[in-house]
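Some notes on the structure that comes next.
Naming convention: chains lettered A, B, ... in sequence-line order (proteins, then strands); numbering from 1 in each chain. Heavy atoms only: backbone and side chains are in, while hydrogens, waters and symmetry mates are out.
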Amino acid sequence: NAGVMQNPRHLVRRRGQEARLRCSPMKGHSHVYWYRQLPEEGLKFMVYLQKENIIDESGMPKERFSAEFPKEGPSILRIQQVVRGDSAAYFCASSPRADTIYFGEGSWLTVV
Amino acid sequence: GDSVTQMEGPVTLSEEAFLTINCTYTATGYPSLFWYVQYPGEGLQLLLKATKADDKGSNKGFEATYRKETTSFHLEKGSVQVSDSAVYFCALSSTGNQFYFGTGTSLTVIP
């Protein structure tokens with residue numbers, strides 16, 4: 001059973017560009033969570049989604065950030081007009097029943 | 001709101017030493033509690049969990065007991081190895097909508 005798959009693993013964007021991070025949950029998992037980890041800091045919750053629904057987006061910045069989990073295909077975290085402060089590791093996690101979450105390997109975004 | 005407070009690091013131990021990483025929590029209701037481990041450049045891996053008071057989670061020689069009376073979930077290992085060097089995160093979830101993580105404790109084990 002493949003784990004949570006994230007891509008790209010590393011992404012470099014210039015300020016003002018868009019970053020698009022993808023997450024395929026584990027087979028049978030319909031709950032997806034996105035977290036951000038800044039250097040030397042802990043994990044910050046961003047958003048929790050189920051198929052076609054955003055359940056909790058209380059951790060998402062109000063502007064430039066959006067997330068989706070369509071009926072078909074991976075979950076996408078989209079960051080528009082990136083700034084240097086968006087440089088971080090973005091982790092996706094999935095769960096079968098929202099009881100225990102399993103993380104992917106992360107996507108490291110660097111904004112130059 | 002729900003939160004987790006864990007012992008600040010970094011922690012440096014000699015091989016075969018006893019490890020304790022403290023974790024206390026604040027939550028409404030009866031949360032599930034977790035320990036995750038993160039190796040450099042990787043994602044977090046579930047180490048162990050406990051879902052109700054007095055439960056003991058264990059895995060790979062690590063243990064933690066859910067203590068409702070002290071709102072704690074301390075991580076312990078009797079004899080650490082160099083390969084245990086990593087960052088350890090305590091976490092909780094009350095509703096499944098959010099999983100709250102501590103700030104992480106970095107452990108380095110020296111031969």
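Residue pairs satisfying the disulfide (SG to SG under 2.5 Å) criterion with at least one member in residues 16-104 of chain B, sequence neighbours excluded, are listed as follows: Cys23(B)-Cys90(B). Among pairs with a residue in residues 23-112 of chain A, those fulfilling disulfide (SG to SG under 2.5 Å) read Cys23(A)-Cys92(A), at least two apart in sequence or across chains.
Within the 4.5 angstrom heavy-atom criterion, atoms from both the backbone and the side chain of Phe99(B) approach chain A. Looking at Leu44(B), the atoms closer than 4.5 Å to chain A (heavy atoms on both sides) sit in the backbone and in the side chain alike.
Residues Phe73(B) and Leu48(B) are in side-chain contact: their nearest non-hydrogen atoms beyond the backbone lie under 4.5 Å apart. Annotation: side chain of Asp86(A) is not in contact with side chain of Arg13(A) (no heavy-atom distance under 4.5 Å).
Transitive grouping of hydrophobic side chains (ILVMFWY, heavy atoms separated by less than 4.5 Å) brings Ile79(A) and Val32(A) into a common cluster.
Arg15(A) is linked by a side-chain hydrogen bond (donor to acceptor under 3.5 Å, both in side chains) to nothing, counting only residues two or more places apart in sequence or in another chain.
Under the 6.0 Å cut-off for aromatic ring centres, Phe103(A) and Phe101(B) qualify, their centroids lying closer than that.
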Anything under 3.5 Å between chain A and chain B that's a donor-acceptor pair? List each one with its distance, please.
residue	atom	partner	partner atom	Å
Arg9(A)	NH2	Gly41(B)	O	3.2
Tyr33(A)	OH	Gly96(B)	O	2.6
Tyr35(A)	OH	Phe99(B)	N	3.2
Tyr35(A)	OH	Phe99(B)	O	2.7
Gln37(A)	OE1	Gln38(B)	NE2	3.1
Gln37(A)	NE2	Gln38(B)	OE1	3.2
Asp56(A)	OD2	Gln98(B)	NE2	3.1
Ser58(A)	OG	Gln98(B)	NE2	2.9
Thr100(A)	OG1	Lys49(B)	NZ	2.6
Ile101(A)	O	Tyr36(B)	OH	2.6

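Taking Ala98(A), Gly59(A), Gly42(A) one by one and counting their heavy-atom pairs under 4.5 Å with chain B, the maximum is reached by Ala98(A).
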